[in-house]
Amino acid sequence: MKKLLVFALFAILAGKTMAQDVKFPAVDSSPADIAYFPTNVAKAKDDSAPLIKVVYSRPAKKGREIFGVLEQFGKVWRVGANESTEIKFFKPVVIGGKKIKAGSYSLFAIPNKDIWTLIINKQTDKWGLFYNQDKDLVRVDIPVKALASTVESLCITFTAQDKGANLIIAWDKTFVELPIEIK
């Protein structure tokens, strides 16, 4: 019995020592988020399946001027922070007249004052602005729209349309809508 108590005490102390050696990262200032289409499909209590999924990090405005300053006009932006934004199509889609197979891709943008160029790119799982134009599948120019109130953290969502969805990207006082036809 004495040996069992000594062993149990040793196991507890060893466990505490090992747990203290693990260094956990701090909470990210641009937390990751996921947007689905249909928007509540992940919470559905039935056999619903997503058609589109976007995984991205949500940087905050923090009093900064965003478009034209932090995210410079005319330069490629990863549509978020940290790792490149990933968009997954569960079925084939059409964007800007171009057919895209079901699969995972990255989403980039070239913001400008009145028009953004949204880019679907074949390369995924890269940190920062690791961008290879040779891997672009499609580029689509879409108009910039103004918001009545400020969106503090980058937000991505969807609205339903007759043949699919609009991908909406909003931050600061700016938003854009990318029509996506789902086949």
Side-chain angles (χ1 to χ4, degrees), residues 30-59 66-67 71 73-147 151 153-183:
S30 298
D33 205 349
I34 300 171
Y36 285 99
F37 181 76
T39 55
N40 288 322
V41 71
K43 297 177 184 176
K45 305 248 188 265
D46 58 19
D47 290 339
S48 301
L51 299 170
I52 306 171
K53 176 181 175 181
V54 178
V55 179
Y56 67 109
S57 291
R58 299 184 67 181
I66 302 301
F67 297 108
E71 301 306 336
F73 289 143
K75 295 199 175 186
V76 175
W77 172 50
R78 65 182 171 241
V79 186
N82 304 332
E83 190 172 322
S84 57
T85 293
E86 184 175 317
I87 187 164
K88 181 175 183 178
F89 304 116
F90 291 82
K91 292 185 174 187
V93 299
V94 176
I95 298 176
K98 168 105 175 160
K99 293 179 184 176
I100 299 174
K101 295 177 185 176
S104 295
Y105 305 95
S106 57
L107 176 66
F108 293 94
I110 301 173
N112 284 294
K113 186 175 179 182
D114 298 319
I115 292 177
W116 282 20
T117 301
L118 284 181
I119 304 164
I120 306 295
N121 185 282
K122 291 186 271 189
Q123 190 159 12
T124 60
D125 302 312
K126 294 295 181 185
W127 187 267
L129 186 58
F130 189 91
Y131 170 71
N132 181 346
Q133 184 174 347
D134 294 337
K135 297 195 181 250
D136 286 356
L137 285 174
V138 66
R139 287 176 167 230
V140 180
D141 289 336
I142 53 176
V144 171
K145 299 176 183 180
L147 292 165
V151 173
S153 293
L154 174 71
C155 186
I156 295 177
T157 192
F158 293 93
T159 56
Q161 298 301 319
D162 291 340
K163 294 183 177 183
N166 280 343
L167 168 70
I168 298 174
I169 303 168
W171 194 16
D172 196 3
K173 290 198 171 200
T174 298
F175 81 102
V176 294
E177 293 178 289
L178 175 67
I180 301 173
E181 183 179 340
I182 301 170
K183 292 297 184 179

- Query: So, Thr174 versus Asp172: side-chain donor-acceptor pair below 3.5 Å or not?
  - Reply: no
- Message: Checking the side chain of Ser84 only, and the main-chain atoms of Thr124 only, is there a donor and an acceptor separated by less than 3.5 Å?
- Response: no
- Item | Interatomic distance, Lys99 atom NZ to Glu181 atom CD [nearest 0.5 angstrom] | 9.5 Å
- Task: Start with the C-alpha gap between Ile95 and Leu118, add the side-chain angles, then the distance that decides, and say whether side chain to side chain contact (heavy atoms under 4.5 Å, CB included) holds.
- Result: CA-CA 10 Å; Ile95 298 176; Leu118 284 181; over 6 Å; no
- State whether the side chain of Asn132 and the backbone N or O of Asp134 hold a donor-acceptor pair below 3.5 Å, judged by distance alone. yes
- Note on the structure: Only residue of Tyr131, Phe108, Phe67 satisfying ring pair (Phe, Tyr, Trp, His ring centres under 6.0 Å) with Trp77 is Phe67
- Query: Which pair of heavy atoms, one from Lys135 and one from Gln123, lies closest together, and at what distance?
  - Reply: CD-OE1, 3.6 Å
- Query: After noting the C-alpha distance and the side-chain angles of Val41 and Leu51, does the key distance pass the side chain to side chain contact (heavy atoms under 4.5 Å, CB included) rule?
  - Reply: CA-CA 9 Å; Val41 71; Leu51 299 170; over 6 Å; no
- Under the salt bridge (Lys or Arg N to Asp or Glu O under 4.0 Å) rule, collect the residues that match up with Glu177, sequence neighbours excluded. Lys145
- Query: Which pair of heavy atoms, one from Ala170 and one from Phe175, lies closest together, and at what distance?
  - Reply: CB-CB, 3.7 Å
- Task: Please report the closest heavy-atom contact between Tyr105 and Lys122, naming both atoms and the distance.
- Result: CD2-CA, 4.0 Å
- Using side chain to side chain contact (heavy atoms under 4.5 Å, CB included) as the criterion, point out the one residue from Asn166, Ile169, Ile142, Ile87 that pairs with Leu178. Ile142
- Counting N and O atoms only, with roles assigned by atom type, does the side chain of Asn112 sit under 3.5 Å from a partner on the main chain of Phe73, one being a donor and the other an acceptor? no
- Task: Look at the side chain of Ser30 and the backbone N and O of Ala81, then say whether any donor-acceptor pair between them is shorter than 3.5 Å.
- Result: no
- Closest non-hydrogen atom pair, Phe158 against Ile52: CZ-CG2, 3.5 Å
- Going through the distances and angles, do Trp127 and Asn82 end up as a side chain to side chain contact (heavy atoms under 4.5 Å, CB included)? CA-CA 6 Å; Trp127 187 267; Asn82 304 332; 3.2 Å; yes
- Message: Test your reading of the model: is there a side-chain donor-acceptor pair from Arg58 to the backbone of Pro31, 3.5 Å cut-off?
- Response: no
- Would you find a donor on one side and an acceptor on the other, under 3.5 Å apart, between the side chain of Thr157 and the backbone of Ile168? no
